[in-house]
Amino acid sequence: MVGRRVVIVTSSLLAVAALLAGCAQGTSGHAVSIYHDPFRVAGLDATAGPSGLRPGAPNADRAITGTDGGDIDALAANAVTDIETYWAAEYPALFDKPFEPVDELISWDPTESNGPDFCEETTEELINAGYCSIDHTIGWDRELLLPEVREKFGEVAVAFIFAHEYGHAVQRKAGIVGGKRDAALVREQQADCFGGAFLRHVAEDKAAHFTMNTSDGLNKVLASAVAIRDEDPNDPESHHGSAFERVTATQIGFTDGAGACAKMDADEIESRRADLPQQFAEGNDSGELPVTEATLDEFVKTFQAIFDLPQPPKVVFTGADTGCSDAVATEPVSYCPSTNTIGISVDDLAERGTPGRVGRRELIQTNITGDYNAYVLLASRYTLAMQKENGQSLDTPQTALRAACLSGVITAALSPTNAAASGAQVTLSPGDLDEAVSGLLTDGLAASDVNGETVPSGFARVDAFRTGVLGGREVCDSRYTE
């Protein structure tokens, strides 16, 4: 089981160097990264079209303890059935032994006191979905959690929850994660990775009950992994990982398959954490720095300290629209190549950087917002000045992904561990990367070209950002070429 009572818990590339070495395909005698084409998603076309239950597919006939016979339980049954079909083929190939399905599926309404027990506990007030290793069962809250996930993120996001939970069942039966160092974090990251491998199965149109496009459909599923994350890194029971880590693990599975997931261990996860902040220095620290003209000026000075551009852009705080002759103004911050100027609408940018809150009748915050939503967007416009100085195009899909990647480079330089070497005057807090990833999956402005045009795949946008965080500037320039 992956959580505690009345706390929502569910799912979320091997180290970048390994990923870059492994994820290439031969074309005309030389290696080409599968990320080179901004209109492809880990080798698949970035498709539009439907996402969700496959039209006309009959519901799976499954026994569910405690079911009310409703559409959520039917959705769950369809998800588990497709996941089991996936593992029936994948498990023997990976672990050289037969696949064993879970023994029972259990559904409950947490507002009722007479529901079935799950994992030897009452399900009253249990707002959760989980795998129980005691009796090899999977259970879920059909009344509150899953309906909200479906409403906000779609039916495939519900299937992703079950793919994560089934990942725990696979771990248990295969015996691949034991009581080793940081085993809890490894279990969760690996389950997210297994979930990503199943998403690839769906995206390749191999699932009987689900279909998923690789643009908005996949973006929403990844956004669900961002939304359902460890919110307090100082909580000793926070072992699912940050949104940045969860999406990374999911993308490993989607890109490299379940075999890569099975190899995950504590050292691999630590390598992806690099020097990024993991906890607040003080328990009452929110990590939020209000967006003002003064703080924006400090960030711009920090960007210049990091990159030392011979001709740094001028920054004006009178609005994003500077009357630029060769680019479209992009609110709330824009870059004008002809004048080498960044224009900022301070109040609008500050609104973008305002922390969001979960509503009184909500369990999950749809978009994760905070100060770094604003600051990373400023960083992305600064990277356009860098690209201009390098003689690179400013109005192509590669421009957009370079902007995201170089914003990741800036983000890594802002880590407290790197601040002295980079000359940073402001530093990251835990949660800042989660805010950046959420923005990249929603509107993608931090991964847009000089005219605000981005690429359709949030997967590609997040991957570009992470490449910059973990791989550095040279990788950004070599990967995202025209």
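In this chain, residues are counted from 1 in sequence order.
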Can you list every disulfide bond (SG atoms under 2.5 Å apart) pair that touches [range], not counting sequence neighbours?
range	value
residues 445-474	none
residues 57-101	none
residues 442-482	Cys405-Cys476

Decide side-chain contact (heavy atoms from CB on, under 4.5 Å) for His164 and Ile228; before the verdict, give the C-alpha distance in whole Å, the side-chain angles of both, and the deciding distance to 0.1 Å.
CA-CA 12 Å; His164 171 100; Ile228 308 173; over 6 Å; no

Phe95/Tyr91 under ring pair (Phe, Tyr, Trp, His ring centres under 6.0 Å): CA gap, chis, key distance, verdict
CA-CA 6 Å; Phe95 305 115; Tyr91 190 96; 4.8 Å; yes

How far apart are the closest heavy atoms of Val156 and Thr211, and which atoms are they?
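That would be CG2-O, 3.6 Å.
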
Identify the heavy atoms of Leu94 and Ala258 that sit nearest to each other, and give their distance.
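Shortest heavy-atom contact: CD1-CB, 3.6 Å.
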
Find the distance between [atom1] ([X]) and [atom2] ([Y]) and round it off to the nearest 0.5 Å.
X	Y	atom1	atom2	answer
Met386	Tyr335	CE	OH	11.5 Å
Ile176	Asp265	CD1	CG	11.5 Å
Tyr131	Arg187	OH	CZ	11.5 Å
Trp87	Ile83	CH2	CD1	10.5 Å
Leu144	Thr111	CG	OG1	6.5 Å

Check ring pair (Phe, Tyr, Trp, His ring centres under 6.0 Å) between [X] and all other residues, then give those that pass, not counting sequence neighbours.
X	answer
Phe303	Tyr382
Tyr372	none
Phe153	none

Results of side chain to side chain contact (heavy atoms under 4.5 Å, CB included) for [X] - residues two or more places apart only:
X	result
Pro397	Pro38, Phe39, Val455
Asp73	Ile64, Thr67, Asp68, Ser107, Trp140, Arg142
Ala327	Cys324, Pro337, Val450, Asn451

Side-chain ion pair, Asp443 and Arg461, N-O less than 4.0 Å
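Salt bridge flag = no for Arg461 with Asp443.
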
Not counting sequence neighbours, list each pair that qualifies as a salt bridge (Lys or Arg N to Asp or Glu O under 4.0 Å) and has a residue in residues 82-97.
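Every pair satisfying salt bridge (Lys or Arg N to Asp or Glu O under 4.0 Å) with a residue in residues 82-97: Arg62-Glu84.
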
Hey, could you give me each pair passing salt bridge (Lys or Arg N to Asp or Glu O under 4.0 Å) that has a residue in residues 148-157? Not counting sequence neighbours.
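Residue pairs with at least one partner in residues 148-157: Asp71-Arg150, Glu148-Lys152, Lys152-Glu362.
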
Would you please test Asp256 and Arg200 for salt bridge (Lys or Arg N to Asp or Glu O under 4.0 Å) and show each step?
CA-CA 9 Å; Asp256 291 340; Arg200 178 69 175 235; over 6 Å; no

Residue pair [X] / [Y], side-chain donor-acceptor N/O under 3.5 Å:
X	Y	value
His168	Glu188	yes
Thr396	Thr399	yes
Asp45	Thr47	no

Ring pair (Phe, Tyr, Trp, His ring centres under 6.0 Å) contacts touching residues 48-83 (sequence neighbours left out):
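Qualifying pairs, neighbours excluded: none.
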
If you count the non-hydrogen atoms of other residues, nucleotides and ligands that lie under 6.0 Å from CD in Glu204, is the total more than 12?
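More than 12 within 6.0 Å, yes.
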
